[in-house]
Asker: 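Sending over a structure as C-alpha cells; questions will come in a sec.
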Amino acid sequence: MTVRIQTEDFDLGHELTSMRLAEHAKNKSTKKESIGALVSFIGQVRDMNDGNAINTLTLEHYPEMTQKALAAIESEASARWDIIDSLIIHRVGTLNPLDQIVLVAVSSAHRGEAFSACEFIMDYLKTSAPFWKKEATNQGERWIEAKQSDDVAKARWQNKVKN
Amino acid sequence: MTVRIQTEDFDLGHELTSMRLAEHAKNKSTKKESIGALVSFIGQVRDMNDGNAINTLTLEHYPEMTQKALAAIESEASARWDIIDSLIIHRVGTLNPLDQIVLVAVSSAHRGEAFSACEFIMDYLKTSAPFWKKEATNQGERWIEAKQSDDVAKARWQNKVKN
Amino acid sequence: MNIKVLYFARIKEAVNYSTENVELPKDVLTVIALKNWLSLRGEVWANLFNGKQVVRAAINHVLVDDMAAIQAGDEVAFFPPVTGG
Amino acid sequence: MNIKVLYFARIKEAVNYSTENVELPKDVLTVIALKNWLSLRGEVWANLFNGKQVVRAAINHVLVDDMAAIQAGDEVAFFPPVTGG
C-alpha cells in the first residue's frame with residue numbers, strides 16, 4: 001500500500017506497469033494468488049466547468065493529515081476486500097487543464113475485488129482526505145464546493161457488508 | 001467507442017493517455033462536459049493458477065463474431081451511462097505469464113459513470129464475447145472452465161435500472 | 001437447406017475440424033433440431049450434445065438459445081461457455 | 001491550556017492566517033466550545049462559525065465532530081468540506 005502526495009506529474013504507464021509486475025517476486029514466497037486484475041482511476045483537470053473555461057486549478061492540502069488519511073482509507077479497503085496492493089498518487093499545487101490530478105490503482109487476483117476497492121478508495125478520498133480545490137477562470141477565482149453526490153457515494157459503502 | 005483484437009502487446013500508458021486527452025478537441029464543439037475521470041481495467045496472465053505454474057496461455061476466438069460482440073457491449077454501456085468514450089483491447093494467440101490480456105477503459109465527466117460502465121463491460125465481455133483460454137502447465141494443457149461467478153456478476157446488471 | 005457450421009475450442013478439438021458445410025433435411029429448422037441431427041452422426045457427436053456439458057450456439061455471429069430458427073445460408077457456431085477477459 | 005489552531009482553504013482566507021497558538025480558558029474543552037470561544041473574537045469569527053456553512057474539524061490529523069474533546073498540546077484544524085480527487 002503506497003501513498004504519494006506530490007506537485008510533479010506522474011507517468012501513468014510506468015506506475016501501472018510497475019504495480020502490475022511488482023508483486024511477482026513477493027508472490028512466489030508469501031502470497032497464494034498472483035495478480036490477475038488491475039483497476040485504476042485517473043482524475044484530471046477539466047477544461048470546462050459550469051460553462052466557464054478553466055485557466056488553472058490549485059490544490060491546497062493539510063500535509064500532516066493527508067498522508068495519514070489516505071493510508072487509513074487504503075487500510076480500510078484492504079480490510080474489506082481481498083486485494084493484493086493499492087496505490088494512491090495525488091498532486092497538489094497549481095495545475096493546468098487536462099493535467100492529471102489523482103491516480104488510484106488496485107491489484108487483485110480477480111476483478112470484482114479490485115473494482116470495488118478502487119471505487120471505495122475514490123469515494124472516501126473525495127469526502128475524507130484534506131484537499132481543497134480552487135479554480136481560476138476569466139471570471140476570477142473560486143473555491144470548488146463539495147458535492148452532495150460525493151456524500152451519497154460514500155454512504156453506499158457504509159451499508160454494505162464485506163463481499 | 002473502439003474495439004481492437006490483436007496478437008501484439010499494447011502500450012498501456014500510451015492508450016490511457018491518448019484516451020484521456022483525445023476527446024479534448026471534439027469536446028469543444030460537440031460535448032458539454034469534458035473528461036474528468038478515466039477508469040480502466042487491465043487483465044493479465046497469472047503466473048500461478050490452482051496451484052500450478054502457468055507456462056503459456058493461449059486465447060482462441062471467433063473473429064467474425066468477436067468484434068461485433070464487443071461493439072454491442074460498448075453500445076449497451078454507452079446507452080446505460082453518460083460516458084464520453086470507451087476502449088476495449090483484447091489480445092489473442094499464445095501469451096506468457098504476466099503478459100497483458102485485456103484493457104477496458106472508459107472516460108466520463110464524473111467518476112461514478114466510468115466505474116459502472118467499465119465494470120459492466122468487463123462482466124459482459126467475460127460472459128458474452130467469444131474467447132476461450134487454454135492453459136499450458138507442466139501437467140499438460142487444459143481449457144479454462146467458465147466460472148459461475150461470472151454469470152452472477154453479469155446478472156447483477158440485469159436487475160439494475162440506469163442510474 | 002445448406003448451412004455452414006463452425007466449431008471452437010474444446011468442441012473443435014472433439015470433432016477435429018473447425019468448419020463444414022452441411023445440407024440439412026427439411027425438418028431441421030432450429031438449433032436444437034440441428035444438435036439432434038448432428039448427434040446421430042456417431043459417438044463423438046452424441047457425446048458432444050448429450051447435455052452433460054453446456055454447448056452454446058451463435059447464428060450469424062449473434063448468441064442464441066437452442067430454440068432459435070435456422071435459415072438457409074446461416075453460419076451456425078457451436079462452442080463452450082466463453083472464458084475471455 | 002495551550003493548543004495550536006490551523007485554518008485551511010476558504011477559512012484560512014477569511015481569517016487571513018493559517019496557524020496560531022491559543023491559550024484556552026479552563027471551560028473550553030470541546031471543538032464546539034472552541035468554536036464558540038473563537039466566535040467571540042469579532043465579526044470575521046462570528047461569520048465563520050454562525051452555522052450557515054459547514055466547518056469541519058480535525059484533532060491531531062483525525063477528522064472529528066464538534067463534540068470531540070480537546071486536550072493541552074492538541075493541533076486543532078478548521079476547514080471547509082474537502083474537495084480533492
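Below, chain A is the first sequence line, B the second, and so on; all start at residue 1.
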Asker: Tell me, side chain or backbone of Ala58(D) under 4.5 Å from chain A's heavy atoms, or both, or neither?
Answerer: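 Ala58(D) touches chain A through side-chain heavy atoms alone.
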Asker: So which atom in Gly85(D) and which in Val102(A) form the shortest heavy-atom distance, rounded to 0.1 Å?
Answerer: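 Closest approach of Gly85(D) to Val102(A): C-CG1, 3.6 Å.
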Asker: Counting only heavy atoms from other residues, nucleotides and ligands, does the tally under 6.0 Å from CD of Glu43(D) exceed 12?
Answerer: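 Check fails, neighbour count at 12 or below.
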Asker: For the residue pair Leu125(A) and Val82(D), what are the closest heavy atoms and their distance?
Answerer: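 Nearest heavy atoms, Leu125(A) then Val82(D): O-CG2, 4.5 Å.
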Asker: Taking side chain as everything from C-beta outward and backbone as N, CA, C, O, which of these in Ala69(A) sits under 4.5 Å from a heavy atom of chain D? Side chain, backbone, both or neither.
Answerer: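 Answer is neither: Ala69(A) stays 4.5 Å or more from chain D.
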Asker: Any heavy-atom pair between the side chains of Arg10(D) and Trp132(A) that's under 4.5 Å?
Answerer: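 No, every pair of side-chain atoms sits at 4.5 Å or beyond.
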Asker: Counting only N and O atoms by type, is there a donor-acceptor contact under 3.5 Å from the side chain of Thr83(D) to the main-chain atoms of Lys133(A)?
Answerer: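 Such a contact is found between Thr83(D) side chain and Lys133(A) backbone.
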Asker: Does the side chain of Phe79(D) reach to within under 4.5 Å of the side chain of Met65(A), using non-hydrogen atoms?
Answerer: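 The answer is yes; the side chains approach within 4.5 Å.
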Asker: CD/Glu64(A) to NE2/His61(D) distance, rounded to the nearest 0.5 angstrom?
Answerer: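 Atom-to-atom, Glu64(A):CD and His61(D):NE2 are 5.0 Å apart.
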Asker: With a strict 4.5 Å heavy-atom criterion, list every residue of residues 134-144 of chain A that contacts chain D, or say none.
Answerer: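 Heavy-atom contacts from residues 134-144 of chain A to chain D are Lys134(A), Trp143(A), Ile144(A).
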